[in-house]
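In listed order, ligands and their atoms are each counted from 1.
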Amino acid sequence: MREPDAAFADPRQAVLYDALDDDRSDLDVYLAIVEEVGGDRVIDIGCGTGTLAVLLAAMGRTVIGVDPADASLDVARAKPNADRVTWVHGDATSLVGRNGVGGPVVDGTLDHAGLLADVAVMTGNVAQVFVSDDDWSRTLAAVHACLRPGGCFVFETRRPEARAWESWDLAPTAITLPDGRCAVVERTVTEVALPLITFEGSTTIDGEALRSRSTLRFRERDEIERDLAVHGFTVVDVREAPDRPGKEHVFLARCDGVRPVPRPGA
Ligand SMILES: C[S@@+](CC[C@H](N)C(=O)[O-])C[C@H]1O[C@@H](n2cnc3c(N)ncnc32)[C@H](O)[C@@H]1O
């Protein structure tokens, strides 16, 4: 899979993630859904700096947070309740076959059901980092392998028709971080080649310009529903993100017990 972007993998940038995006009311819907579906064992895929994972752990859930950006995991590991979370450096495929979570996709198996997760979540539009069909397909297969039959996969993704990228350009803007330091942030969308959007960001802090480049994929709702079905999920609901009405889809997909037969090339 692709290396995570510098915004998450560069230790100098990872420590700024929470400060630059300090309103996490977007996570409320996930906390509510985990309550709603009654999930005790939760996997947070692309957990980043771990804000949701530690909240879930504080609620008494058994939580695994997985992310390929070790620098972000280091931030997560320093948070209150972080010691109640199992942190895994990797992606969803890293969980398959791991002791206590998941089972090999080809082996897959109801006899591990007692150890499989009840809920898998991907917050912060992690679903859009999977640019290639292969990465997306491998991720869906791995999530399926990690969930118990009937378990719930919850994730959000931006709706292409809302054209979010049209408001992403940001002229150099000074902001004060919670620790009192001043940072100047700047962002430019450099390529619109739907379904891919590429943008570059820069944060100048303590005289140093920290740069990142990201490409995200915008998938249509019917495309996602089809991909979920191919990978053994049944979409049970598609909701609004309450804090971003009209802009996002929040998918709730049930993991069907029968493991799908991999398609050639899938
Ligand atoms: C916008 S952040 C969201 C982080 C966190 N879920 C949140 O809500 O704050 C996107 C995250 O996706 C992670 N990521 C990148 N590639 C990934 C992959 N192949 N599998 C899982 N996560 C990935 C990044 O390292 C980053 O932490």
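- Between the side chains of Ser72 and Asp67, no donor-acceptor pair of N or O atoms lies under 3.5 Å.
- The Tyr17 neighbourhood of ligand 1 comprises atoms 1 (C), 2 (S), 3 (C), 4 (C), 7 (C), 9 (O), with distances under 4.0 Å to a heavy atom of that residue.
- Shown in contact with Val129 at under 4.0 Å from a heavy atom are these atoms of ligand 1, numbered in order with element: 15 (C), 16 (N), 17 (C).
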Please evaluate residues Phe251 and Phe153 with respect to the criterion ring pair (Phe, Tyr, Trp, His ring centres under 6.0 Å), reporting the C-alpha separation (whole Å), side-chain torsions for both, the decisive distance (0.1 Å), and the verdict.
CA-CA 8 Å; Phe251 288 85; Phe153 181 27; 9.2 Å; no

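- Distance check, rounded to the nearest 0.5 Å: CD1 of Ile64 to CD1 of Ile45 gives 10.0 Å.
- Atom numbering of ligand 1 starts at 1 in the shown order; those under 4.0 Å from a heavy atom of Ala69 are 25 (O).
- The part of Arg24 lying near ligand 1 is the side chain, judged by heavy-atom distances below 4.0 Å.
- Counted by atom type alone, Asp169 and Thr188 present zero donor-acceptor pairs between their side chains at under 3.5 Å.
- Considering only non-hydrogen atoms, atom 24 (C) of ligand 1 lies nearest to Phe8 out of Phe8, Trp136, Phe130.
- Using modelled atom types and a 3.5 Å distance limit, the side chains of Asp243 and Ser25 yield no donor-acceptor pair.
- When only modelled atom types and interatomic distance are considered, Thr215 and Thr198 share a side-chain donor-acceptor pair under 3.5 Å.
- Applying the salt bridge (Lys or Arg N to Asp or Glu O under 4.0 Å) test to residues at least two apart or on different chains, the pairs with a partner in residues 195-205 are Glu200-Arg213.
- Remark: ligand 1 atoms within the under-4.0 Å shell around heavy atoms of Cys47 are 5 (C).
- Residue-ligand proximity, Val126 to ligand 1, at heavy-atom distances under 4.0 Å covers atoms 3 (C), 6 (N), 10 (C), 11 (C), 12 (O).
- The shortest N or O to N or O distance between Asp67 and ligand 1 is below 3.5 Å.
- Residues that satisfy the ring pair (Phe, Tyr, Trp, His ring centres under 6.0 Å) test with Tyr30, not counting sequence neighbours, are absent from this structure.
- Counting heavy atoms under 4.0 Å from ligand 1, residue Thr123 touches it through both backbone and side chain.
- Taking all heavy atoms of Ser94, Ala127, Gly46, Ala9 into account, the minimum distance to atom 4 (C) of ligand 1 is reached by Gly46.
- With ligand atoms numbered from 1 in the order given, ligand 1 contributes 25 (O) to contacts under 4.0 Å with heavy atoms of Pro4.
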